[in-house]
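To keep things clear, I will list the structure first and then write my remarks on it.
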Amino acid sequence: MNIFRLLADLMHLASIFILLLKITTSRSAAGISFKTQALYAVVFCTRYLDLFTNFYSIYNSVMKLFFIGSAIYILYLMKIRFKATWDPNLDTLRVEFLLVPSAVLALFFNYGFKFMEITWAFSIYLEAVAILPQLFQLTRTGEAETITTHYLFALGGYRGLYIVNWIYRYIHENKVDWIAVVAGLVQTGLYLDFFHIYFTKVLKGKKFQLPA
């Protein structure tokens, strides 16, 4: 594992811890898209189906268990423990428009027409667009709490670091995972407007607000 992959994983972990901190300390899921979190749970569950069939390393197994477990725990916090604080009227993007295309792409563009390969490809395509309900909710509210923007920045930064990881692997290992690369570029591209506002406002101590 190269340093960029490690930093990306740490950034991903940071995003989850920030989100858990936001929900548990404020005792509120306001501003968080339940649909995005549900999509991430689907992503992790379909990507890590090999958890109990293939062993790669303790690090790999622990990370997989953490991502699946934390995703399910976040859904519990939002849907049960702090249900009254989540407003479904703001979380309105229809997820079938993300799930169905991801499934179709996985059927046609994969590394082998086998169940595990198809579900892995599906998880990659779905992760690329899983943030859309959250971004769509931001456009409806027009603003977000600072800690929520830190969560989104860490989540987007994790994917950005993976791009650097892919470049490193291409140069030093001559390996290219085109499915992950293309999906990752799409995913990172979705964050560009958010990154611009984050750097120009949030990091300067201003409130995150979308342009009128």
Side-chain angles (χ1 to χ4, degrees), residues 4 7-44 66-67 70-95 97-98 125-165 183-212:
F4 302 110
L7 289 174
D9 286 347
L10 291 176
M11 185 73 86
H12 198 181
L13 287 174
S15 71
I16 294 172
F17 282 124
I18 291 171
L19 179 58
L20 287 171
L21 180 67
K22 177 260 186 292
I23 296 175
T24 56
T25 57
S26 67
R27 302 184 62 82
S28 171
I32 304 300
S33 167
F34 178 84
K35 291 182 177 180
T36 280
Q37 300 309 315
L39 290 176
Y40 279 128
V42 173
V43 166
F44 298 139
F66 175 78
F67 287 134
S70 61
I72 294 173
Y73 181 56
I74 289 169
L75 294 181
Y76 158 75
L77 290 177
M78 295 188 67
K79 198 68 173 180
I80 299 176
R81 189 170 179 185
F82 302 121
K83 182 178 180 180
T85 65
W86 169 64
D87 186 357
N89 294 318
L90 296 175
D91 196 7
T92 56
L93 187 67
R94 296 177 62 180
V95 295
F97 292 150
L98 307 178
Y125 296 131
L126 183 60
E127 185 184 16
V129 294
I131 195 62
L132 281 175
Q134 180 68 66
L135 296 178
F136 185 71
Q137 182 169 322
L138 274 180
T139 65
R140 298 203 64 186
T141 60
E143 58 185 22
E145 296 177 66
T146 299
I147 194 169
T148 302
T149 64
H150 293 332
Y151 155 68
L152 292 173
F153 172 76
L155 195 59
Y158 130 75
R159 184 47 66 181
L161 284 168
Y162 255 89
I163 293 177
V164 182
N165 162 63
L185 289 172
V186 170
Q187 184 176 355
T188 304
L190 294 176
Y191 283 91
L192 291 180
D193 283 344
F194 168 81
F195 283 153
H196 172 71
I197 299 174
Y198 183 84
F199 282 113
T200 58
K201 290 189 176 181
V202 178
L203 291 187
K204 294 182 179 179
K206 300 178 182 178
K207 187 176 182 179
F208 181 93
Q209 286 184 315
L210 296 177

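Below, each value reflects all heavy atoms present in this structure, side chains not excepted, and no hydrogens, waters or symmetry copies. If you read the sequence from its start, that first residue is 1, and numbering goes on from there.
One finds the NZ atom of Lys201 at 13.0 Å from the CG atom of Leu203 (value rounded to the nearest 0.5 Å). Expressed to the nearest 0.5 Å, how far OG1 of Thr148 lies from NZ of Lys22 amounts to 4.5 Å. Considering NZ of Lys35 and CD of Gln134, their distance stands at 12.5 Å, rounded to 0.5 Å. Interatomic distance, Thr25 OG1 to Ile147 CD1, rounded to the nearest 0.5 Å: 5.5 Å. Between atom CZ of residue Phe4 and atom CG of residue Asp9 there is a gap of 14.0 Å, rounded to the nearest 0.5 Å. Here Gln137 contributes atom CD and Asp91 contributes atom CG; the two are 5.0 Å apart, rounded to the nearest 0.5 Å.
The two atoms that bring Met78 and Ala29 nearest to each other are CG-CB, 3.9 Å, heavy atoms only. Here the shortest heavy-atom pairing between Asn89 and Arg140 reads O-NH1, 2.8 Å. Between Tyr162 and Ala8, the closest heavy-atom pair is CD1-CB, 3.2 Å. Here the closest non-hydrogen pair linking Leu19 and Ile74 is CD2-CD1, 3.6 Å. Of all the heavy atoms in Ile197 and Gln209, the pair that sits closest is CG2-O, 3.9 Å. Taking each heavy atom of Ala183 and Ala128 in turn, the nearest pair found is O-CB, 3.4 Å.
Note on ring orientation: taking the six-membered ring where Trp is involved, the planes of Tyr191 and Phe194 are perpendicular (angle over 60°, cut-offs 30° and 60°). Between His150 and Tyr198, the ring planes are perpendicular. Angles over 60° get that label, and only those under 30° would be called parallel. Ring geometry for Tyr40 versus Phe44: interplanar angle under 30°, hence parallel rather than tilted (30 to 60°).
Contact of the Phe97 side chain with the Leu132 side chain is not registered, since no non-hydrogen atoms from C-beta on lie closer than 4.5 Å. Looking only at side-chain heavy atoms (C-beta outward), Phe34 and Leu75 come within less than 4.5 Å of each other. Looking at heavy atoms from C-beta onward, Leu20 lies in side-chain contact with Tyr73 at the 4.5 angstrom threshold. Counting heavy atoms from C-beta on, the side chains of Phe67 and Ile16 come closer than 4.5 Å. At least one side-chain heavy atom of Leu98 sits under 4.5 Å from a side-chain heavy atom of Pro133. The closest side-chain heavy-atom distance from Ile18 to Leu155 is not below 4.5 Å. Side-chain contact between Arg81 and Ile23 is absent, with no heavy-atom pair separated by less than 4.5 Å.
Few gaps surround CG on Asp87; more than 12 heavy atoms of other groups in view lie less than 6.0 Å from it.
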_For a side-chain contact (heavy atoms from CB on, under 4.5 Å) check, start with the C-alpha distance between Leu138 and Phe208, then their side-chain angles and the critical distance, and finish with the verdict._
CA-CA 10 Å; Leu138 274 180; Phe208 181 93; 4.2 Å; yes

*Would Leu39 and Val129 satisfy side-chain contact (heavy atoms from CB on, under 4.5 Å), going step by step from the backbone distance to the final call?*
CA-CA 9 Å; Leu39 290 176; Val129 294; over 6 Å; no

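In terms of modelled atom types and a separation under 3.5 Å, the side chain of Thr139 and the main chain of Phe136 share a donor-acceptor contact. In this structure, the side chain of Thr36 does not engage the main chain of Ser33 through any donor-acceptor pair within 3.5 Å.
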